[in-house]
Q: 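I am attaching a structure below and will ask some questions about it afterwards.
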2 protein chains.
Amino acid sequence: MYRQFGNIDYRNGNAAVGSDSLTITQSGQLDALVALERIGTRLSFSRNAEIYAEGDGADCWYKVISGTVRVCKLLADGRRHIAEFCFGGDWFGIDNSGERPYTAEAVDDVIVMRFQRRGAEQLMQHNPVVASQLCDTMLRDLANAHGRTLLLGRMTASERVATFLLEMFDRGDRAKALDLPMSRTDIADYLGLTIETVCRTLSLFKRDDVIAIPNPHRIELLDRDALEAVSEA
Amino acid sequence: MYRQFGNIDYRNGNAAVGSDSLTITQSGQLDALVALERIGTRLSFSRNAEIYAEGDGADCWYKVISGTVRVCKLLADGRRHIAEFCFGGDWFGIDNSGERPYTAEAVDDVIVMRFQRRGAEQLMQHNPVVASQLCDTMLRDLANAHGRTLLLGRMTASERVATFLLEMFDRGDRAKALDLPMSRTDIADYLGLTIETVCRTLSLFKRDDVIAIPNPHRIELLDRDALEAVSEA
DNA sequence: CGCCAGTTTGACCAAGATCAACGCAAGTGG
DNA sequence: CCACTTGCGTTGATCTTGGTCAAACTGGCG
């Protein structure tokens, strides 16, 4: 899942800014990649910096190069909701509304690629490979979002936390140890719980030797089967 | 929102079955419509009939012509989750996974248009108008799904029911009276509540003269402002 | 008329929220 | 180098919202 458009290392920084030469061959994946790369700009943000705010004009699309982004919303009375976390390779900020419906913030230090929406849309029009890859990304996001409605609508606290941990393990390098970039509050707002419930549930899993927590941001997976049994569905 | 591809009346039944002539001009909306229509099949289902089941092969896309469809999932222990209700004009069953992740059922008597996925995808490749319209549909669905994660993750029972009612009123003909095709159980499973909580909340709104309920499936809007105040966010 | 499916209402219960205190490690300033 | 602060994280006690269980109601239909 995720990590669209393969493994080109953007970090070497050969991206040109907004070149508008859209004379692009309608051929393979690599061309699609190069084409996209040519119209993007690299940007970096430090921990908790705002990438864009709810209400801003939605004239750009973004792709995470490194770090973690949270897409969230603050309600009038202080309740907060995190719609998604985005990691290296994930797209965010793709919507066809005029205004941003959510805010995007850097969870830790983040590097992103920013694409002018106009340019990207033109690219899609002219290059079916880019179009179908972006389409796939959207369909994956949609499936993801539906999975989350199930989680939020019908799962208990333990099921939510177990599902979250497995998701994080599977997105990382599938090692036994996991470094969570986000705080407990972030996790709570992502799972529709309170920070206390998240803590208690993690402590519960620790007590039952399902996970170990050497420090708050590091989780070690001791018993995947147990976690999967809790997460079930 | 929704109701893609305008107002052609499919009910008159001039749809041909699976004609594969994809020699289509790259021009206006109407052509896109005609092109799509030519590769679709009309089907009808009666109340509670299954349109497709979780686990089936996902080789078709669907569009509702008339009636209401629920896209849902039954968990092992009996909990049920409704991902979305689809009304006339809405697409459903568009996903790029091999197997259906959800079941689709007719809420009431339903007529749908079914499209072979292969054909529709080819059509998208060759006809950018169809492609971008389907893309828009997906983006709308995605925004919708994110809205629902907010509702399910952070809203109280009253807020959920108020939001649901407003959504239903706004999707209908915006008259003061609304006929809900779905049962209380359906509403509950859509809002992540129990049937009892849905009933109690509706009774509460009735007691406060926000709505009237002449019969269980008919809701009249007496005080939209009050409902919007509860739904807030 | 009596049954049936769906809805409504009431009494009680529990999962998770809220409120509060404490722990702990990383700064910071004297 | 060591008090003091600050920002998280953890744990405990209590409360509330919404769930569970149960009974009554309603309209349609054989």
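All values below were derived from every heavy atom in this structure, side-chain atoms included, with hydrogens, water molecules and symmetry-related copies excluded. Proteins come first, then strands; the chains are lettered A, B, ... in the order of their sequence lines, and each starts at number 1.
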Q: Once side-chain contact (heavy atoms from CB on, under 4.5 Å) is applied, do any residues pair with B/D179, and if so which ones, sequence neighbours excluded?
A: B/R218
Q: Can you give me every donor-acceptor pair (side chain of residues 195-205 of chain A, partner residue at least two apart or in another chain, under 3.5 Å) with its distance?
A:
from	atom 1	to	atom 2	distance (Å)
A/T197	OG1	A/T194	OG1	3.1
A/T201	OG1	A/T197	O	2.6
A/S203	OG	A/C199	O	2.9

Q: Rounded to whole angstrom units, what separation is found between the CD1 atom of A/I219 and the P atom of D/dG9?
A: 11 Å
Q: Enumerate all atom pairs, one protein N or O and one N or O from nucleotides 12-16 of chain C, separated by less than 3.5 Å.
A:
from	atom 1	to	atom 2	distance (Å)
C/dG16	OP1	A/A157	N	2.8

Q: Tell me the interatomic distance from B/L204, atom CG, to D/dG18, atom P, rounded to whole angstroms.
A: 11 Å
Q: Starting from the C-alpha separation in whole Å, work towards a yes-or-no answer on side chain to side chain contact (heavy atoms under 4.5 Å, CB included) for A/W91 and A/V64.
A: CA-CA 6 Å; A/W91 285 91; A/V64 180; over 6 Å; no
Q: Rounded to the nearest angstrom, tell me the gap between atom CD1 in B/I213 and atom P in D/dG27.
A: 14 Å
Q: Please report, rounded to the nearest Å, how far the C1' atom of C/dG6 is from the CG atom of B/L202.
A: 14 Å
Q: Specify the separation, in whole Å, of atom CZ of B/R79 and atom P of D/dG19.
A: 13 Å
Q: Check whether any side-chain N or O of B/R100 sits under 3.5 Å from a backbone N or O of B/A53 as a donor-acceptor pair, and report yes or no.
A: no
Q: Show each protein N/O and nucleotides 5-8 of chain D N/O combination with a separation under 3.5 Å, one pair to a line.
A:
from	atom 1	to	atom 2	distance (Å)
D/dC8	OP1	A/R47	NH2	3.4

Q: Quick one: side-chain hydrogen bond (donor to acceptor under 3.5 Å, both in side chains) partners of B/N215, sequence neighbours excluded?
A: none
Q: Just the table, please: protein N/O against nucleotides 21-26 of chain D N/O, every pair under 3.5 Å.
A:
from	atom 1	to	atom 2	distance (Å)
D/dC21	N4	B/E196	OE2	3.0

Q: Return the set of residues passing side-chain contact (heavy atoms from CB on, under 4.5 Å) with A/E54 (not counting sequence neighbours), or none when no residue passes.
A: A/K73, A/T103
Q: Nearest-Å distance, CG (B/D189) to C1' (C/dT7)?
A: 15 Å
Q: Taking ring-ring contact (aromatic ring centres under 6.0 Å, His included) as the test, write out the residues that go with B/F92, two or more places apart.
A: B/Y62
Q: With sequence neighbours excluded, what pairs up with B/F169 under the ring-ring contact (aromatic ring centres under 6.0 Å, His included) test?
A: none
Q: Rounded to whole angstroms, how far apart are CD1 on A/I187 and P on D/dG9?
A: 8 Å
Q: Run the side-chain hydrogen bond (donor to acceptor under 3.5 Å, both in side chains) test against B/S44 and tell me which residues pass, sequence neighbours left out.
A: none
Q: Can you sort out the partners of A/R224 under side-chain hydrogen bond (donor to acceptor under 3.5 Å, both in side chains), two or more places apart, ordered by chain and number?
A: A/D170, A/E228
Q: Under the side-chain hydrogen bond (donor to acceptor under 3.5 Å, both in side chains) rule, collect the residues that match up with A/H146, sequence neighbours excluded.
A: none
Q: How many whole angstroms separate atom CG of B/L191 from atom C1' of D/dT17?
A: 16 Å
